Amino acid sequence: MQINIMVEPEYSGTVWCKETVDGINEKVSSLRYSVNFCSDISEAEDKIIILGTSPDYVLKKIDEATEKNILPVIVGCRPDETDSRASYVIINYDEATTCALDYLHGTKPGKTALYGVKENSFSDIKKSNFFLPEDIFCFSGENAAEDCFNAFYEKIHGYGSALCVNYVSAVSLIKRLSEKGVRTPEDIHVACFGDSAIGSLLGVSVVTLDHNLLGRQAVTLYKYLSSVSDRVSICAFVSSCIVPGKTTENKSYLPSKEKKQNKNEIDIFSAVSELSEI
């Protein structure tokens with residue numbers, strides 16, 4: 001079987017995209033399939049995996065695929081939860097953000113800020129839903145890092161912690177705070193979304209985002225959709241966990257509530273052994 005893949009150009013150079021593609025290649029290799037990277041939707045025959053993070057890009061590609069009667073499997077973005085024209089494999093950002101806020105509120109008194117948001121990123125939009133507008137600090141414009149920090153620093157005394165959207169913004173924030181004499185974790189706790197290996201290396205507390213698993217699951221879903229006669233729409237979620245680091249005093253994570261199933265999650269895989277890991 002040939003697995004057709006298309007990658008959003010703006011997303012292609014990121015660490016997260018590379019990790020997702022690595023996961024796809026690992027799964028494809030284990031199945032002895034082949035990968036075909038497409039520059040146009042029409043290069044696919046009936047199905048295509050689309051890696052993207054921008055809602056506008058993803059919706060455009062879904063429109064193009066629908067016109068050509070091609071089923072898209074979207075990885076990393078779900079701009080419209082009511083759109084059944086595609087299948088999706090995404091990080092469960094609702095669960096991950098809730099988990100992060102629960103953890104940070106338990107390690108340091110005070111409000112939590114969301115730091116480093118990109119306004120056209122699906123994952124950042126999902127995270128932002130858990131914050132008031134005044135507690136969200138965005139990366140935008142030519143001086144994105146500096147402007148974001150200055151806006152946050154003006155209000156820093158109102159926060160006990162900061163949740164950064166990725167490890168890059170976390171490192172930038174910690175460095176700039178240090179230059180201002182603000183200590184982490186003594187004065188403020190910092191956590192970020194990212195990879196546990198990066199968190200371990202830098203000592204930053206991390207909410208794991210396993211993009212390698214995301215890629216592997218995308219191939220599994222692609223294979224499953226090839227085996228069914230009906231055209232169906234499926235959304236599979238990849239969960240996260242907290243990896244404490246020195247930026248939150250290495251405090252362990254004790255969830256305050258039982259884990260709840262995401263309201264949009266469709267549990268249809270229990271009887272399909274190959275998909276039990278999703």
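These numbers were taken from a predicted model, which means no experiment stands behind them.
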Report summary line: The complete set of salt bridge (Lys or Arg N to Asp or Glu O under 4.0 Å) pairs with one or both residues in residues 137-154, sequence neighbours excluded, reads none
Query raised in the report: Does atom CD of E10 have more than 12 heavy-atom neighbours from other groups under 6.0 Å away?
Result: no
Query raised in the report: Among E26, K27, E19, K18, which one satisfies side chain to side chain donor-acceptor pair (under 3.5 Å) with N212?
Result: E26
Report task. Grab the two heavy atoms, one from D124 and one from K118, that are nearest each other, plus how far apart they are. Result -> OD2-N, 2.8 Å
Query - Donor + acceptor pair across side chains of Y159, D135 (<3.5 Å) - result: yes
**Report entry** Any donor-acceptor N/O pair, E119 side chain to C138 backbone, under 3.5 Å
**Finding:** no
Requested in this report: Nearest 0.5 Å please: distance from the CG atom of N129 over to the CG atom of D94.
Outcome: 7.5 Å
Requested in this report: Indicate yes or no for a side-chain donor-acceptor contact from T247 to the backbone of S205 under 3.5 Å, with no hydrogens or angles considered.
Outcome: yes
Report summary line: Closest heavy-atom pair, A218 versus I49, reported as atoms and distance to 0.1 Å, is O-CD1, 3.9 Å
Report task. Apply the test side chain to side chain contact (heavy atoms under 4.5 Å, CB included) to residues Q217 and D210: give CA-CA distance (whole Å), side-chain angles for both, the deciding distance (0.1 Å), then the verdict. Result -> CA-CA 11 Å; Q217 303 291 41; D210 194 340; over 6 Å; no
Query raised in the report: So, K127 side chain and V165 main chain: donor-acceptor pair closer than 3.5 Å or not?
Result: yes
**Report entry** Heavy-atom side-chain proximity of W16 to N166 below 4.5 angstrom
**Finding:** yes
Report task. Mind listing the closest non-hydrogen atom pair of C164 and V190 along with its distance? Result -> SG-CG1, 4.0 Å
Report task. Look up atom CE in M1 and atom OG in S34, then write down how far apart they are to the nearest 0.5 Å. Result -> 10.0 Å
Query raised in the report: Taking all non-hydrogen atoms of both residues, which atom of C38 and which atom of A44 are closest, and how far apart?
Result: SG-N, 4.5 Å
Requested in this report: Please name the pair of heavy atoms, one in L101 and one in F131, separated by the smallest distance, quoted to 0.1 Å.
Outcome: CD2-CZ, 3.6 Å
Query raised in the report: Distance from F137 atom CZ to L173 atom CG, nearest 0.5 Å?
Result: 10.5 Å
Query raised in the report: Can you tell if the side chain of F139 reaches within under 4.5 Å of the side chain of Y115, non-hydrogen atoms only?
Result: yes
Requested in this report: Give the cluster check for L59 versus M6: same hydrophobic cluster or not, with ILVMFWY residues linked at side-chain heavy-atom distances below 4.5 Å.
Outcome: no
Report task. Mind running side chain to side chain contact (heavy atoms under 4.5 Å, CB included) on I41 and I50 for me, showing each step along the way? Result -> CA-CA 9 Å; I41 290 287; I50 299 174; 3.9 Å; yes
Report task. Start with the C-alpha gap between I156 and L177, add the side-chain angles, then the distance that decides, and say whether side chain to side chain contact (heavy atoms under 4.5 Å, CB included) holds. Result -> CA-CA 10 Å; I156 192 170; L177 287 174; 3.4 Å; yes
Query raised in the report: Going by an N to O cut-off under 4.0 Å, is there a salt bridge joining D63 and R85?
Result: yes
Query raised in the report: Is a side-chain N or O of S161 found less than 3.5 angstrom from the main chain of H189, in a donor-acceptor match?
Result: no
Requested in this report: For K175, look at atom NZ and say whether over 12 heavy atoms of other residues, nucleotides or ligands are found less than 6.0 Å away.
Outcome: no
Query raised in the report: Is it the case that one hydrophobic cluster holds both F152 and L132, taking links as side-chain heavy atoms less than 4.5 Å apart, direct or via other members?
Result: no
Query raised in the report: Is the backbone N or O of L104 less than 3.5 Å from a side-chain atom of K251, with the two atoms forming a donor-acceptor pair by type?
Result: no
Query - Exam field: side chain S178 to backbone I174, donor-acceptor pair closer than 3.5 Å - result: no
Report task. Determine whether Y222 and V75 make a side-chain contact, defined as any pair of heavy atoms from C-beta on separated by less than 4.5 Å. Result -> no
Query raised in the report: Going through the checks in order, is the side chain to side chain contact (heavy atoms under 4.5 Å, CB included) test met by L114 and F130?
Result: CA-CA 9 Å; L114 183 64; F130 291 82; over 6 Å; no
Query raised in the report: Does a side-chain N-to-carboxylate-O contact under 4.0 Å join D56 and K60?
Result: no
Query raised in the report: So does E64 pair up with K61, basic N to acidic O under 4.0 Å?
Result: yes
Report task. Examine distances only and state if a side-chain atom of E8 and a backbone atom of S54 form a donor-acceptor pair shorter than 3.5 Å. Result -> yes
Query raised in the report: Do S12 side-chain atoms and P9 backbone N/O form a donor-acceptor pair below 3.5 Å?
Result: yes
Report task. Check whether any side-chain heavy atom of Y153 sits under 4.5 Å from a side-chain heavy atom of V182, and report yes or no. Result -> yes
Report summary line: Output for pair (D46 CG, I70 CD1), nearest 0.5 Å, gives 8.0 Å
Query raised in the report: Nearest 0.5 Å, what's the CZ-CG distance between F37 and L51?
Result: 8.0 Å
**Report entry** Side chains of F237 and I91 in contact at under 4.5 Å (non-hydrogen atoms)
**Finding:** no
**Report entry** Donor-acceptor contact present, side-chain T66 to main-chain I62, <3.5 Å
**Finding:** yes
Query - Separation between CG of L209 and SG of C241, rounded to the nearest 0.5 Å - result: 10.0 Å
Query raised in the report: Would F193 end up clustered with I125 when hydrophobic side chains under 4.5 Å apart are linked, directly or stepwise?
Result: no
Report task. Step by step, work out the side chain to side chain donor-acceptor pair (under 3.5 Å) result for K68 and S42. Result -> CA-CA 7 Å; K68 301 181 187 305; S42 60; 5.2 Å; no
**Report entry** Side chain to side chain, T112 and H105, heavy atoms closer than 4.5 Å
**Finding:** yes
Requested in this report: Work out which heavy atom in S233 is nearest to a heavy atom in S87; give both atom names and the distance.
Outcome: CA-OG, 3.5 Å
Query raised in the report: Taking C-beta and beyond as the side chain, do V15 and Y167 meet within less than 4.5 Å on heavy atoms?
Result: yes
**Report entry** E45 CD: over 12 foreign heavy atoms closer than 6.0 Å
**Finding:** no
**Report entry** Exam field: side chain K126 to backbone Y93, donor-acceptor pair closer than 3.5 Å
**Finding:** no
Query raised in the report: Does the side chain of S240 reach to within under 4.5 Å of the side chain of N92, using non-hydrogen atoms?
Result: no
